[in-house]
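For reference, the structure is listed below as structure tokens.
Since this is a predicted model, take the numbers as computed values, not measurements.
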Amino acid sequence: MATQSGLSRRRVGGGGTTDDSTTDISTSPSQNGSLSTTPAPSFPASPNGYGGTALEGSSKVAYDPRDMDTDAEDSKLPKLTILEEVLLLGLKDKQGYLSFWNDNISYALRGCIMIELALRKRIAMVRDPNRRRYPLPDRLIEVVDERLTGETILDEALKMIKSSEKMGVGSWIDLLSGETWNVMKIGFQLKQVRERLMKGLVDKGVLRTEKRNFLLFDMATHPVADARTKEDVVSRVVALLTMRTAAIPPQALSKEGIQNRYTRAVCLACASYAASVLENALQRLSFDAREAAFARCDDILAEFSTWPFGSARTDGSSGRKREGQGGGSENIAGLVREVKKEMGDPEDLHFEVVATVLEVFGRMDSLL
């Protein structure tokens, strides 16, 4: 009697399996030592091609349906986060390192972390009507969505905010930067943010890693490998700050379909201004055009560092020195309208966090 060596099973597009015979057969030894054939139990096939359960020997995997929504969310997010774009603007293309004299970029990057988490709807202001009695930086924030973003630094900050007591945006930026005298909270400092961001950009193919000799020691540097990506960031900032029409030019925005692309354009310009890397993007302009662009950025920051957005134009509540030229007022008003469309709800608590971070930026010593 010929023995059956086994069955070959193949997955097919219809979700089931095909065998060499028309019936699934399992072999088991009988009492007299010969093999007997008995039909194997069949389980209903699911539409996605994975029938049964893990205990039944199939390849079906349990999952949380909420985790499946991340694919749709990721398709609406840009390739680079705002903090990565700010870092890229400050990076020397060929040398692969930041200026040793820039003391503002580290603090600004921590603020960008808060902006990115807010735009991804992970954190928001605590919904308390009494919060309006306090300045923006002192209003408490909370985690409203615990799902990880996939970005290491953002997820690390998100876990800290979730596990800690509720604090204001200003306090969180200080703690993440290590600017605190409270030894009990020194552990909140995010360390080596710039180096970790550079390594992340290497993984994304934007930078590459090299070693350079600086007198007595070697240091890893990260020159630009994808010049088109950095050129895209620079072009968007320049287009936003040199626009001459009320309509926002497409060159100033991320590609169509990106989530909150008007708000991201504003935050990129203001964050690069606060981080003292904006001048690197404006080097291609003449002196007069560069000064006008700085003045335009100052006006944009004034309009978006108040809540609701644009209230500085009507009540002068920002308290900032206004140096903008009259010709740019309509441009900024159009920008405010587009951002408010992205908000939907005029009292969106996520965007209130964004306004708070920009207000903190506006009070940095480098901008006063």
Side-chain angles (χ1 to χ4, degrees), residues 48 50 54 60-88 106-127 140-169 171-178 185-207 229 254-255 257-261 263-264 267-268 271 342-344 348-354 356-357:
N48 59 6
Y50 295 91
K60 186 174 182 179
V61 179
Y63 66 91
D64 188 336
R66 293 175 299 176
D67 294 337
M68 305 305 292
D69 296 335
T70 57
D71 293 338
E73 180 186 6
D74 291 344
S75 64
K76 297 180 181 179
L77 294 175
K79 177 182 178 181
L80 304 182
T81 62
I82 293 176
L83 53 159
E84 287 174 331
E85 292 179 335
V86 171
L87 182 82
L88 202 56
S106 294
Y107 192 85
L109 289 176
R110 270 69 173 188
C112 291
I113 292 175
M114 308 301 291
I115 292 176
E116 194 69 46
L117 289 174
L119 292 180
R120 294 179 184 228
K121 300 190 182 300
R122 297 303 197 272
I123 61 175
M125 287 288 180
V126 174
R127 190 179 292 276
L140 303 181
I141 64 171
E142 62 181 350
V143 174
V144 294
D145 188 347
E146 299 180 23
R147 291 179 303 159
L148 300 181
T149 64
E151 299 286 347
T152 306
I153 294 179
L154 296 182
D155 293 338
E156 186 177 341
L158 184 65
K159 292 176 182 178
M160 287 185 184
I161 299 173
K162 176 63 179 178
S163 60
S164 174
E165 60 181 305
K166 291 182 174 62
M167 292 183 286
V169 170
S171 297
W172 271 115
I173 297 178
D174 288 342
L175 290 177
L176 295 178
S177 303
K185 294 184 178 181
I186 196 66
F188 287 111
Q189 180 183 5
L190 284 177
K191 298 179 180 179
Q192 297 182 332
V193 170
R194 290 180 290 183
E195 182 63 26
R196 291 162 64 186
L197 285 175
M198 290 182 189
K199 291 181 178 179
L201 290 172
V202 171
D203 294 337
K204 294 181 179 181
V206 180
L207 304 180
T229 298
S254 301
K255 65 180 181 180
I258 294 297
Q259 185 184 54
N260 301 321
R261 59 186 193 142
T263 308
R264 287 182 174 276
C267 293
L268 174 60
E342 292 181 338
M343 290 171 51
D348 192 304
L349 299 177
H350 305 285
F351 281 81
E352 188 172 346
V353 174
V354 174
T356 304
V357 176

What's the separation between atom CG in Leu109 and atom CD1 in Ile153, rounded to the nearest 0.5 Å? 8.5 Å
With a sphere of 6.0 Å drawn around NZ of Lys199, does it hold more than 12 non-hydrogen atoms of other residues, nucleotides or ligands? no
Rounded distance [0.5 Å steps], CG in Leu148 versus CZ in Arg122: 8.0 Å
Residues two or more places apart in sequence or in another chain: which of them pass side chain to side chain contact (heavy atoms under 4.5 Å, CB included) with Ile258? Pro78, Ser254, Lys255, Arg261, Arg264
I'd like to know if the side chain of Arg194 and the backbone of Leu87 have a donor-acceptor N/O pair within less than 3.5 Å. no
Note: Val354 and Ala118 closest approach over all heavy atoms is CG2-CB, 4.0 Å
Sorted by chain and residue number, the side-chain hydrogen bond (donor to acceptor under 3.5 Å, both in side chains) partners of Glu352 (sequence neighbours excluded) come out as Arg131, Arg139
Can you list the residues that meet the side-chain hydrogen bond (donor to acceptor under 3.5 Å, both in side chains) rule with Asp348, with sequence neighbours excluded? none
Residues at least two apart in sequence or cross-chain that pass salt bridge (Lys or Arg N to Asp or Glu O under 4.0 Å) with Glu85, listed by chain then number, are Arg236
Before giving the answer on side chain to side chain contact (heavy atoms under 4.5 Å, CB included), spell out for Leu201 and Leu80 the whole-Å C-alpha distance, their side-chain angles and the decisive distance to 0.1 Å. CA-CA 8 Å; Leu201 290 172; Leu80 304 182; 3.6 Å; yes
Could you tell me whether the side chains of Glu342 and Thr263 share a donor-acceptor contact shorter than 3.5 Å? yes
Ile161 backbone acceptor or donor facing Ser164 side chain under 3.5 Å: no
If you round to the nearest 0.5 Å, how far is SG of Cys112 from CD1 of Ile82? 6.5 Å
Please find the pair of heavy atoms, one from Val86 and one from Ala271, that lie closest to each other, and give the distance. CG2-CB, 3.8 Å
Determine the minimum heavy-atom distance between Gly178 and Ile186, stating which atoms define it. O-CD1, 4.2 Å
Which residues pass the salt bridge (Lys or Arg N to Asp or Glu O under 4.0 Å) test with Arg110, not counting sequence neighbours? none
Indicate yes or no: does Arg196 engage Glu151 in a salt bridge with an N to O separation below 4.0 Å. no
Given side chains that start at C-beta, do those of Val353 and Ile123 come closer than 4.5 Å, heavy atoms only? yes
Enclosure of Lys79 NZ (heavy-atom neighbours >12, cutoff 6.0 Å): yes
Using only atom types and a distance under 3.5 Å, with no angle test, would you say the side chain of Glu116 pairs donor to acceptor with the backbone of Thr81? no
Derivation and outcome, side chain to side chain contact (heavy atoms under 4.5 Å, CB included), residues Val143 and Lys159: CA-CA 9 Å; Val143 174; Lys159 292 176 182 178; over 6 Å; no
With Phe188, which residues qualify under ring-ring contact (aromatic ring centres under 6.0 Å, His included), at least two apart? Trp172
Side chain to side chain contact (heavy atoms under 4.5 Å, CB included), that's the test. Do Ser106 and Val193 meet it? Break it down for me. CA-CA 8 Å; Ser106 294; Val193 170; over 6 Å; no
Would you find a donor on one side and an acceptor on the other, under 3.5 Å apart, between the side chain of Ser171 and the backbone of Met167? no
State whether the side chain of His350 and the backbone N or O of Arg120 hold a donor-acceptor pair below 3.5 Å, judged by distance alone. no
Quick one: side-chain hydrogen bond (donor to acceptor under 3.5 Å, both in side chains) partners of Gln189, sequence neighbours excluded? none
Lys204 atom NZ: more than 12 heavy-atom contacts under 6.0 Å: yes
Only counting residues at least two apart or in another chain, list the ones meeting salt bridge (Lys or Arg N to Asp or Glu O under 4.0 Å) with Lys162. Glu146
Any non-hydrogen side-chain atom of Leu158 less than 4.5 Å from a side-chain atom of Glu156? no
With the side chain counted from C-beta on, respond yes when Met343 and Asn260 share a heavy-atom pair under 4.5 Å apart, and no when they do not. no
Minimal non-hydrogen separation, Leu140 against Gly168, with atom names: CD2-N, 4.0 Å
List in chain and number order the residues that pass side-chain hydrogen bond (donor to acceptor under 3.5 Å, both in side chains) with Glu195, two or more places apart in sequence or in another chain; answer none if no residue qualifies. His222
Nearest 0.5 angstrom please: Leu175 CG to Leu190 CG, how far? 10.0 Å
From CA spacing to verdict: side chain to side chain contact (heavy atoms under 4.5 Å, CB included), Leu207, Met198: CA-CA 7 Å; Leu207 304 180; Met198 290 182 189; 4.3 Å; yes
Holding to salt bridge (Lys or Arg N to Asp or Glu O under 4.0 Å), I want the full list of residues that pass it with Asp155, two or more places apart in sequence or in another chain. none
How far does CD1 of Ile113 sit from CE of Met160, to the nearest 0.5 angstrom? 9.0 Å
Sole residue of Leu176, Leu119, Leu83 in side chain to side chain contact (heavy atoms under 4.5 Å, CB included) with Met114: Leu176
